[in-house]
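Everything below concerns the one structure shown next.
Numbering of residues begins at 1 and proceeds along the displayed sequence.
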Amino acid sequence: QLQASGGGLVQAGGSLRLSCAASGRTFSAYAINWFRQAPGKERDFVAGISSGGGSTYYADSVKGRFTISRDNAKNTVYLQMNSLKPEDTAVYYCAAGGYYGSRRTDVWPYWGQGTLVTVSS
């Protein structure tokens with residue numbers, strides 16, 4: 001089970017840190033992705049991290065502004081979001097159980113409930 005948190009309202013240029021907490025002993029075996037879905041749009045890939053945390057990858061739209069990390073001892077993955085823009089406004093979801101490197105939503109079987117990020121201009 002995945003639980004995303006940390007969303008909120010922030011002004012453009014501000015920062016937020018999202019958390020994705022997982023239950024279960026096998027968390028460290030899973031790669032984790034963050035996706036986001038803006039109103040009226042499809043759910044898109046944001047960032048991903050390998051099971052051990054040594055490899056990461058990002059959507060071009062967030063590269064250099066967002067950082068994904070994980071603490072397997074705490075069963076938690078983080079998404080540090082800096083220099084936020086109004087176009088980052090979306091519900092952010094974490095997902096597990098897929099394979100590292102995939103940006104497709106249909107290969108990730110386990111999803112958190114989503115946390116809303118709103119960036120005002």
Side-chain angles (χ1 to χ4, degrees):
Q1 185 175 359
L2 302 175
Q3 181 80 24
S5 63
L9 174 63
V10 64
Q11 289 188 332
S15 298
L16 281 175
R17 188 177 80 157
L18 306 184
S19 298
C20 176
S23 58
R25 299 179 180 178
T26 58
F27 174 78
S28 61
Y30 290 123
I32 302 290
N33 269 14
W34 284 97
F35 294 85
R36 67 186 180 187
Q37 188 166 19
K41 296 188 177 181
E42 294 185 347
R43 193 170 297 187
D44 292 329
F45 166 76
V46 175
I49 190 165
S50 60
S51 57
S55 298
T56 59
Y57 62 120
Y58 299 90
D60 288 344
S61 59
V62 307
K63 200 173 295 182
R65 300 187 298 123
F66 291 11
T67 302
I68 188 172
S69 62
R70 68 190 297 161
D71 185 341
N72 283 342
K74 296 182 178 180
N75 278 11
T76 303
V77 169
Y78 304 98
L79 185 68
Q80 178 67 44
M81 306 186 296
N82 299 329
S83 302
L84 282 162
K85 304 175 181 180
E87 51 263 44
D88 295 318
T89 295
V91 177
Y92 284 71
Y93 299 89
C94 56
Y99 57 91
Y100 175 76
S102 174
R103 300 176 183 229
R104 292 168 48 186
T105 58
D106 61 343
V107 301
W108 295 82
Y110 309 119
W111 290 81
Q113 86 289 358
T115 185
L116 176 62
V117 172
T118 304
V119 184
S120 63
S121 57

Is it true that Trp111 and Val91 fall in one hydrophobic cluster, defined by side-chain heavy atoms closer than 4.5 Å?
yes
In this structure, CG of Leu2 is separated from OG of Ser23 (nearest 0.5 Å) by 7.5 Å
*Are Ile68 and Val117 connected, step by step, through hydrophobic side chains (Ile, Leu, Val, Met, Phe, Trp, Tyr) whose heavy atoms are closer than 4.5 Å?*
yes
With sequence neighbours left out, the residues meeting side chain to side chain contact (heavy atoms under 4.5 Å, CB included) with Tyr100 are Ala31, Ser50, Ser55, Tyr57
ILVMFWY cluster, Val62 and Phe35 together (side-chain gap under 4.5 Å) | no
Rounding to 0.5 Å, atoms CG (Leu18) and OG1 (Thr115) come to a distance of 6.0 Å
Residues passing the side-chain hydrogen bond (donor to acceptor under 3.5 Å, both in side chains) test with Gln37, sequence neighbours excluded, are Arg43
Ala96 and Pro109 have their tightest heavy-atom pair at O-CD, 3.3 Å
- Can any side-chain N or O of Gln113 pair as donor or acceptor with the backbone N or O of Gln3 at less than 3.5 Å? no
Tell me which donor-acceptor pairs under 3.5 Å the side chains of residues 83-90 have, and how far apart each pair is, sequence neighbours excluded?
from	atom 1	to	atom 2	distance (Å)
Asp88	OD1	Arg36	NH1	2.9
Asp88	OD1	Arg65	NH2	3.0
Asp88	OD2	Arg65	NH1	2.8
Asp88	OD2	Arg65	NH2	3.4
Asp88	OD2	Lys85	N	2.8
Thr89	OG1	Pro86	O	2.9
Thr89	OG1	Val119	N	2.9
Thr89	OG1	Val119	O	3.4

- Spell out, yes or no, whether Tyr99 and Tyr30 are grouped together once hydrophobic residues are joined by side-chain heavy atoms under 4.5 Å, including indirect joins. no
In short, Gly6 meets Leu16 closest at the heavy-atom pair O-CD2, 3.9 Å
Hey, does the side chain of Asn72 reach the backbone of Ser51 with a donor-acceptor pair shorter than 3.5 angstrom? yes
is_close_aromatic(Phe45, Trp34), centroid dist under 6.0 Å: no
Output for pair (Arg70 CZ, Thr56 OG1), nearest 0.5 Å, gives 12.0 Å
For residues 68-93, the ring pair (Phe, Tyr, Trp, His ring centres under 6.0 Å) pairs (sequence neighbours left out) are none
Q) Do the side chains of Leu116 and Thr118 get nearer than 4.5 Å, heavy atoms only? A) yes
Can you hop from Trp108 to Ile32 via hydrophobic side chains spaced under 4.5 Å? no
Output for pair (Leu9 CG, Ser120 OG), nearest 0.5 Å, gives 5.0 Å
Rounding to 0.5 Å, atoms CG (Asn75) and SG (Cys20) come to a distance of 10.0 Å
By salt bridge (Lys or Arg N to Asp or Glu O under 4.0 Å), Arg104 pairs with (sequence neighbours left out) Asp106
Between the CG atom in Asn33 and the CZ atom in Arg103, the distance rounded to the nearest 0.5 Å is 9.0 Å
| message | Under the criterion side chain to side chain contact (heavy atoms under 4.5 Å, CB included), I'd like the reasoning laid out for Val46 against Asp44: C-alpha separation, chi angles, the key distance, then a yes or no. | response | CA-CA 6 Å; Val46 175; Asp44 292 329; 5.9 Å; no
Residue set satisfying salt bridge (Lys or Arg N to Asp or Glu O under 4.0 Å) with Lys41, at least two apart, ordered chain then number -> none
Practice item. Run the numbers on Asp71 and Thr76 for side-chain hydrogen bond (donor to acceptor under 3.5 Å, both in side chains), then give the verdict. Key: CA-CA 5 Å; Asp71 185 341; Thr76 303; over 6 Å; no
Tightest non-hydrogen contact, residues Ser15 and Asn82, listed as OG-OD1, 2.9 Å
